[in-house]
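First the structure, in the form of C-alpha cells, and then the observations on it.
Ligands are counted one by one from 1 in listed order, and the atoms in each one are counted from 1 as well.
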Amino acid sequence: MSIGLLVRCSRELLDLELGRDVQRAFALYAEELLAWNERMNLTAITDPEAIAMRHFLDSLSVKLAVAFSPGMRVIDVGTGAGFPGLPLRLVFPSIELTLLEATAKKTQFLEHITKRLGLNNVRILNARAEEAGQDPATREKFDLALARAVAPMPVLAEYLLPFCRVGGRCVALKGEHAAAEVQTAENALRILGGRLVKIIPVELPLVVETHHLVVIEKVAATPPQYPRRPGIPSKRPL
Ligand code: SAM
C-alpha cells in the first residue's frame with residue numbers, strides 16, 4: 001500500500017498528521033484486506049494507490065464534515081470491510097465506534113482485522129439496519145451515523161436517522177450526483193426528522209469523479225414505525 005501517498009494527502013487535504021503507529025496500522029489493514037479478498041469478495045479495489053485513496057483517504061475525508069471529539073458515539077452502517085468507520089477509528093482513537101454489517105462473512109473479517117489492529121473496543125454488529133434501528137440498545141444512541149455506498153439517499157435516510165440522537169448528525173459519502181440524490185430524499189428527511197445541513201465536495205487525488213459528503217442533522221425524533229421491516233425501505237422508498 002502507498003503509505004507515503006496516504007500520509008502526504010492526509011496532511012495536505014485533511015490537515016491530519018499520521019504517526020508511525022497509525023501508518024503501520026494502515027499498512028497492515030491493506031495487507032489483510034487483500035489477503036482476505038482472495039477468499040471472499042470484500043473489495044474490487046486492489047491497486048495499492050487506489051486502496052490508499054479510494055478506501056483510506058476517502059474514509060478519512062469525513063473529517064471535513066465532522067469535528068470528532070473524545071467519546072463521540074459513531075455508527076457505520078453497511079460498513080463492508082470497515083469503510084469509512086475503521087480508518088476514522090485509527091486516526092481518532094477516542095471515538096466509540098460501532099460497525100454494522102448485514103453479511104456475516106464480512107463481519108468475520110471485521111472481527112479479525114479489529115483484533116489484528118488491537119482495536120478491542122470497536123463494537124461489531126451483524127444485523128440489518130432495519131432491525132438494529134428498532135432495537136432500543138442502538139436506536140437514537142449515536143452522535144453520528146455514517147454510510148458509504150449502501151443505498152440511494154431516501155433509503156439511506158431511513159437506515160441512518162433512527163440511529164441518531166436528536167441533535168446528532170448523519171454523513172453520507174456520495175459520488176458525483178449527490179445534490180440530485182438529496183432532492184429525491186426531501187420527503188424522507190421530513191418524515192424521519194432530518195434536515196439537510198450542507199453538501200461538501202471532496203476532490204481526491206487519482207480519483208476522477210468528485211465525491212460529496214452529505215451532512216444531515218437530526219432535528220426531531222424519528223417516528224416509531226421507522227425503519228420499516230427489512231427490505232421495505234428499499235422496496236418502497238419514502
Ligand atoms: N461501506 C462499505 C464501503 O464503502 O466499502 C461497503 C459498501 S458495500 C457496496 C454495501 C454494504 O452494505 C454491503 O456489505 C452490504 O452487506 C451492506 N448492507 C446493505 N444493506 C444493508 C442493510 N440494510 N443493513 C446492513 N448492512 C447493509
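Residue-environment remark: CZ (Arg236) stays at or below the threshold of 12 foreign heavy atoms within 6.0 Å. A 6.0 Å sphere centred on CG of Asn121 holds more than 12 heavy atoms belonging to other residues, nucleotides or ligands.
Nearest protein neighbour of atom 19 (C) of ligand 1, counting heavy atoms only, is Val150 CG1, 4.0 Å. Given atom 16 (O) of ligand 1, the protein heavy atom at minimum distance is Glu101 OE2, 2.6 Å. Remark: minimum distance from atom 22 (C) of ligand 1 to any protein heavy atom is reached at Ala129 N, 3.8 Å. Shortest contact from atom 10 (C) of ligand 1 to any protein heavy atom: Ala149 O, 3.3 Å.
Between Phe109 and His112, the ring planes are tilted. Angles from 30° to 60° get that label.
Proximity annotation for atom 4 (O) of ligand 1: of Glu131, Glu130, Arg148, Lys106, Arg148 comes nearest, heavy atoms only. Taking only non-hydrogen atoms, the option from Pro84, Ala132, Ser234, Gly78 nearest to atom 11 (C) of ligand 1 is Gly78.
Salt bridge annotation for Arg116-Glu32: present, with a cationic side-chain nitrogen under 4.0 angstrom from a carboxylate oxygen. A salt bridge is absent between Arg139 and Glu130: the closest approach of a Lys/Arg side-chain nitrogen to an acidic carboxylate oxygen does not fall below 4.0 angstrom. Comment: Glu96 does not engage Arg73 in a salt bridge, judged by the lack of any side-chain N to carboxylate O separation of less than 4.0 angstrom.
Only the backbone of Thr79 comes within 4.0 Å of ligand 1, judged by heavy-atom distances.
Each of the atoms 25 (C), 26 (N), 27 (C) of ligand 1 lies under 4.0 Å from some heavy atom of Ala102. Listed by number with element, the atoms of ligand 1 under 4.0 angstrom from any heavy atom of Thr103 are 16 (O). Residue Ala127 has at least one heavy-atom neighbour below 4.0 Å for each of these atoms of ligand 1: 25 (C). The atoms of ligand 1 that sit less than 4.0 Å from any heavy atom of Tyr159 are 23 (N).
Contact check for Asp58 versus Met53: no side-chain heavy atoms found under the 4.5 Å cut-off.
Checked against a 3.5 angstrom limit, the closest N/O atoms of Leu100 and ligand 1 fall outside it.
Ring pair Phe83/Tyr29: centre-to-centre distance below 6.0 Å.
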